[in-house]
Amino acid sequence: MTNTSDLTATITETVNRYLDLIAAGTADQILELFAEGASVEDPVGTTPRVGSAEIREFFASLEALERNTTLHSNRSTS
């Protein structure tokens, strides 16, 4: 069984990896962070993008942009 501190560390590492990839990664690299059958609703309230193909298409639209990310806070509960 995973203890709370290990789970919190895993969540934090994943969030940081996601932000690094949003800033400088490819759609395929970002897609590797998502589980099979995942969905993305960004911005909230829009039609969710479901499955690898739709999620990849969404993140591919970022590749040509100049990007940077800043994490202001990270609160996770486990």
Side-chain angles (χ1 to χ4, degrees):
M1 179 173 203
T2 304
N3 69 42
T4 302
S5 63
D6 289 345
L7 186 54
T8 300
T10 299
I11 292 168
T12 300
E13 289 170 14
T14 303
V15 167
N16 287 327
R17 177 79 176 134
Y18 175 79
L19 292 173
D20 289 344
L21 291 173
I22 291 295
T26 66
D28 289 326
Q29 290 171 315
I30 297 167
L31 187 59
E32 290 176 8
L33 296 175
F34 289 83
E36 186 69 31
S39 64
V40 172
E41 183 181 344
D42 189 5
V44 171
T46 60
T47 302
R49 294 157 177 89
V50 180
S52 297
E54 289 185 14
I55 294 171
R56 188 194 179 290
E57 179 182 30
F58 173 71
F59 287 112
S61 68
L62 301 177
E63 290 181 347
L65 302 176
E66 182 177 327
R67 307 172 273 167
N68 63 60
T69 59
T70 304
L71 179 62
H72 292 278
S73 66
N74 181 14
R75 293 180 288 162
S76 61
T77 58
S78 46

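One-based numbering along the sequence shown.
Taking CG from Asn16 and CD1 from Ile11, the interatomic distance works out to 12.0 Å, rounded to the nearest 0.5 Å. The CG atom of Leu33 sits 7.0 Å away from atom OG1 of Thr14, with the distance rounded to the nearest 0.5 Å. Here the CD-OG1 distance, from Glu13 to Thr8, works out to 11.0 Å after rounding to the nearest 0.5 Å.
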Using distance only, find each side-chain donor-acceptor pair of residues 58-70 under 3.5 Å and give its atom names and separation, not counting sequence neighbours.
from: Ser61; atom 1: OG; to: Phe58; atom 2: O; distance (Å): 2.5
from: Glu63; atom 1: OE2; to: Ala27; atom 2: N; distance (Å): 2.6
from: Arg67; atom 1: NE; to: Leu62; atom 2: O; distance (Å): 3.3
from: Arg67; atom 1: NH1; to: Ile22; atom 2: O; distance (Å): 2.9
from: Arg67; atom 1: NH1; to: Gly25; atom 2: O; distance (Å): 3.1
from: Arg67; atom 1: NH2; to: Gly25; atom 2: O; distance (Å): 3.1
from: Thr69; atom 1: OG1; to: Leu19; atom 2: O; distance (Å): 3.1

Less than 3.5 Å apart, which donor and acceptor atoms pair up between the side chains of residues 41-53 and the rest of the protein, not counting sequence neighbours?
from: Glu41; atom 1: OE2; to: Gly45; atom 2: N; distance (Å): 2.6
from: Thr46; atom 1: OG1; to: Pro43; atom 2: O; distance (Å): 2.7
from: Arg49; atom 1: NH1; to: Asp42; atom 2: O; distance (Å): 3.2

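Between Ser5 and Asn3, the shortest heavy-atom contact is OG-OD1, 2.8 Å.
Among residues at least two apart or in separate chains, side chain to side chain donor-acceptor pair (under 3.5 Å) pairs with a member in residues 28-40 are Thr26-Gln29, Asp28-Arg56.
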